[in-house]
Structure formats: C-alpha cells, structure tokens
2 protein chains.
Amino acid sequence: MSKNPLKNIESINLGGGHRMTPQRRLVFDVLMKSQDHPTAAEVFMRVKNSMDSISLATVYNCLDTLVSAGAIKQVNLDREPSRYCGNLEPHAHFHCESCSSVLDIELNEGAEASKSVIIPKGAKAEKFEVAVRGKCPKCARRKN
Amino acid sequence: MSKNPLKNIESINLGGGHRMTPQRRLVFDVLMKSQDHPTAAEVFMRVKNSMDSISLATVYNCLDTLVSAGAIKQVNLDREPSRYCGNLEPHAHFHCESCSSVLDIELNEGAEASKSVIIPKGAKAEKFEVAVRGKCPKCARRKN
DNA sequence: TTTTTATCAAGAATTATTCTAAATAATAAT
DNA sequence: ATTATTATTTAGAATAATTCTTGATAAAAA
C-alpha cells in the first residue's frame, strides 16, 4: 500500500522519552492508509472515526511528533495548510493549481536534485525538494 | 544589481486597467534594491522610509499586483511568511534552517528540473521549483 | 506507593494574510 | 470642464491555520 518501510508504528522510536500512545498510533495508521496527503483537519476527521474523543490539538501534536521522529513527512506548498505524507521514499510533489490536490511524483534516476543546483560556498545543504505546479489529470481534462 | 530585466517599473504593464501608482513604484524599487528576500512586513518598513503614510495592507496589495503582473516573484518556504524576490532569472532558493534567511542559488545548466521528475499522465506541469534546506554560510560557520 | 514526567483536551492566543468600507484619486465620458 | 466611473488607498475588522496554556490524566521511575 504505502511506501513506508516501517511495518507498523511499534517499530518507530520516537526518541527522547516520548511514548507510543493510542492517539499517535491512530494518526500514523490514518496516514499509512491515505494516498491523498491530508491536512491536519482531514486527519482529525478520519481519526475521529476510530476515536471520537480525540482533539484537533492532539492531532497536531501527534503529527509533529511523528514528523520529528521521521515516521512521516510534512509537505508545505505555497501558502496552503500543511499536508502530511506517509511515503518516505525520495520523491517530489505535484501540486494542482485548480483543486489544490497533491500527488507524489517519482524522481528520474540519475537526476539528483543535488547536482542540479550550485550550493553557495560554505553553506551546508541538508535537504532537497522538488515541486511541480500545474493541473492534475482530473482538472486538466475539464474544459474551463 | 538585480537580475530583473525590467529597467524600471514604467516598463511594466500591470494589465487589466491597473494603474501605476507611487506606492507600487516604491514597493517595486525596494525589491530591486534588496537581495535578501524581504517579507511583506520588511518591505513595509523599508517603503515607510520614503512614504510614511503607506499602510501594510497597501504593501500587500502592491506585492500581489506586482506578482500577478510577473514583475516580481513570491517565495514560499515551509510555514514561514511569504518572501518576495526581484530576481526573475530562473533560479532556486536556499533556505537556512537556523536563521530563516533565503539565498538565491543558480541552477546548473542542462539540469532542467522538468527532466528530473516523472509527471503523471494527463497532468499539465506549468512551474518547477527547486528548494534546498540547510545552513547558510554564516550559520554553518558558527559552532553550535 | 509516591514522585516524576509525558500526554491529552479544550479553549485562548498568535500571526500572516485577506476582507470591508469609506475616502481619495485617476481616468473616461459627456 | 464637469460628471460619472473605476481603481486605489487606508484603517481596522475578520479569518484561518497553528501554537500555546492550563489543568486533568496516565504512564514510568523511584
């Protein structure tokens, strides 16, 4: 299903005395089942199906913790709400200008982002990010 | 100084009945003089030196208009406030995780972002964006 | 147990940005 | 020129995503 090598959340070490909790487990599970890069509010709604008492603040906390632990990725495109992604493989994102949906896109082999860019002297590059903006297949098909 | 081919704002066609105004002129001039990708609030402070009566809302309006006209670029990185950039040449951005500064970085020739990525069938890609995150030269030099 | 530490939940607070409405200014039409 | 139209500016209110605060709960350590 998802490309996350973590079989299940039990194998995640949250680090620093952080505990695995039912809430964190559920948030992680929702992301493993999602292909659509949900926002925190969307994760909240989905998690509520399994645990009605959970709060939005807790969902934010869980997402932050999981991102810090490297179990999921946070995706920020333009000024829109953050989205979350369970796919830990290196990949880029396609962002639809019409419907705001986000699609994972594969990186071509040998086309390392690190080689496409000239890093300033003395700077230490840590992460590379490629984003494409345009119309997703659904929206491109529509006339208007 | 800047890599914007528009010699001055008079040559900009804002389109759609939009007028060139003193405020828009000043906002554009500030960006032409800036290499540091200022936020709207920073542009506001700089413009205030020349026109004390200008309001923050107007700076936002002017920035939006200039972005729509293609005279400047808006740069959104992570969840931070939008920054604005007078450099219209194709380039990428380096984003310092310590001090949040943004540096323009050059793209290697032949390393077109469009070739490094596999666009989904049916999607229409319009813009490509490459961002690098890490420590800028200043921050990399510091111990901590 | 008792103590410590982490977590959760609800709602308040924050902050960048957008919206509203009234005043002003520029342009077009008469 | 005068009037009518349209765009712009401004101040402040509104919005919305996210973070913070606080008290209660729960787990882990002593």
Side-chain angles (χ1 to χ4, degrees), chain A residues 9-10 12-28 30 37-48 50-69 71-85 95 100 102, chain B residues 9-10 12-28 30 37-48 50-69 71-85 95 100 102:
Chain A
I9 196 167
E10 308 309 330
I12 299 174
N13 180 5
L14 295 178
H18 288 222
R19 299 165 189 159
M20 183 46 56
T21 67
Q23 288 87 347
R24 286 173 181 162
R25 220 186 302 276
L26 281 172
V27 167
F28 181 78
V30 158
H37 304 78
T39 62
E42 287 164 348
V43 172
F44 176 54
M45 293 193 306
R46 295 176 198 181
V47 169
K48 253 179 128 39
S50 319
M51 182 188 278
D52 192 53
S53 64
I54 198 168
S55 75
L56 179 56
T58 297
V59 170
Y60 272 107
N61 287 340
C62 293
L63 289 168
D64 285 355
T65 306
L66 292 168
V67 169
S68 302
I72 62 174
K73 279 195 201 164
Q74 183 169 14
V75 181
N76 296 312
L77 294 167
D78 300 321
R79 297 261 84 223
E80 295 181 8
S82 285
R83 294 175 173 277
Y84 298 86
C85 175
H95 184 204
S100 290
V102 174
Chain B
I9 195 164
E10 308 310 329
I12 300 174
N13 181 4
L14 295 178
H18 288 222
R19 300 164 189 160
M20 183 47 55
T21 66
Q23 289 86 348
R24 286 174 180 161
R25 221 185 302 277
L26 281 171
V27 167
F28 182 78
V30 158
H37 303 78
T39 63
E42 287 163 348
V43 172
F44 176 54
M45 294 194 306
R46 295 176 198 181
V47 169
K48 253 180 129 37
S50 318
M51 182 188 278
D52 191 54
S53 63
I54 199 170
S55 76
L56 178 56
T58 297
V59 169
Y60 272 105
N61 287 341
C62 293
L63 289 168
D64 285 355
T65 306
L66 292 167
V67 169
S68 301
I72 62 174
K73 279 193 201 165
Q74 182 169 14
V75 180
N76 297 312
L77 294 168
D78 299 322
R79 297 262 85 222
E80 296 181 8
S82 284
R83 294 175 173 275
Y84 297 86
C85 175
H95 184 204
S100 290
V102 174

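Note on naming: letters A, B, ... go to the chains in the order of the sequence lines (proteins, then strands), and numbering restarts at 1 for each one.
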Query raised in the report: What are the two closest non-hydrogen atoms of B:Asn76 and A:Asp78, and how far apart are they?
Result: ND2-CA, 3.7 Å
**Report entry** Approximate separation, where rounding is to 0.5 Å, of A:Leu56 CG and A:Lys48 NZ
**Finding:** 9.5 Å
Query - DNA chain D: 5'-most and 3'-most nucleotides touching chain B, 4.0 angstrom heavy-atom criterion - result: D:dT6 to D:dT18
Query - Shortest non-hydrogen contact between A:Ala40 and A:Val59, atoms and distance - result: O-CG1, 3.8 Å
Requested in this report: Among A:Thr58, A:Ile54, A:Val47, A:Thr21, find the residue that satisfies the side chain to side chain contact (heavy atoms under 4.5 Å, CB included) test when tested with A:Leu26.
Outcome: A:Val47
**Report entry** For atom CD1 of A:Ile54 and atom P of C:dT7, their distance in whole Å
**Finding:** 14 Å
Requested in this report: Nearest whole angstrom, please: distance from the C1' of C:dT7 to the CG of A:Leu66.
Outcome: 14 Å
Would you tabulate the pairs of protein nitrogen or oxygen atoms and nucleotide nitrogen or oxygen atoms of nucleotides 26-30 of chain C closer than 3.5 angstrom?
none

Query raised in the report: When the distance from CG of A:Leu26 to P of C:dA9 is rounded to whole Å, what number comes out?
Result: 11 Å
Query raised in the report: When rounded to the nearest 0.5 angstrom, what is the spacing between OG in B:Ser55 and CG in B:Asn61?
Result: 7.5 Å
Query raised in the report: Starting at the 5' end of DNA chain D and moving along, which residue's nearest nucleotide shows up first, B:Gly17 or B:Thr58?
Result: B:Gly17
Requested in this report: Might you point out which heavy atoms bring A:Gln23 and A:Met51 nearest each other, and give the distance in Å?
Outcome: CG-SD, 3.8 Å
Query raised in the report: How many angstroms lie between NE2 in A:His18 and OG1 in A:Thr65, if you round to the nearest 0.5 Å?
Result: 6.5 Å
Query - Spacing of B:Gln74 atom CD and B:Ser82 atom OG [to the nearest 0.5 Å] - result: 4.0 Å
Query raised in the report: Does A:Thr21 have a side-chain nitrogen or oxygen under 4.0 Å from the phosphate oxygens OP1 or OP2 of C:dT7?
Result: no
Requested in this report: For A:Ser100 and A:Glu80, work out which heavy atoms get closest and say how close.
Outcome: OG-OE2, 3.0 Å
Polar atom pairs (N or O), protein with nucleotides 13-20 of chain C, under 3.5 Å:
residue, atom, partner, partner atom, Å
C:dT17, OP1, B:Ser82, N, 2.8
C:dT17, OP1, B:Ser82, OG, 3.3
C:dT17, OP2, B:Tyr60, OH, 2.6
C:dT17, O5', B:Tyr60, OH, 3.4

Requested in this report: Could you check how far CG of A:Leu63 sits from P of C:dT7, rounded to whole Å?
Outcome: 15 Å
Report task. Measure across A:Cys85 and A:Val75 and return the closest heavy-atom pair with its distance rounded to 0.1 Å. Result -> CB-CG2, 3.8 Å
Report summary line: All heavy atoms of A:Tyr84 vs all of A:Leu63, minimum pair found to be CE1-CD1, 3.6 Å
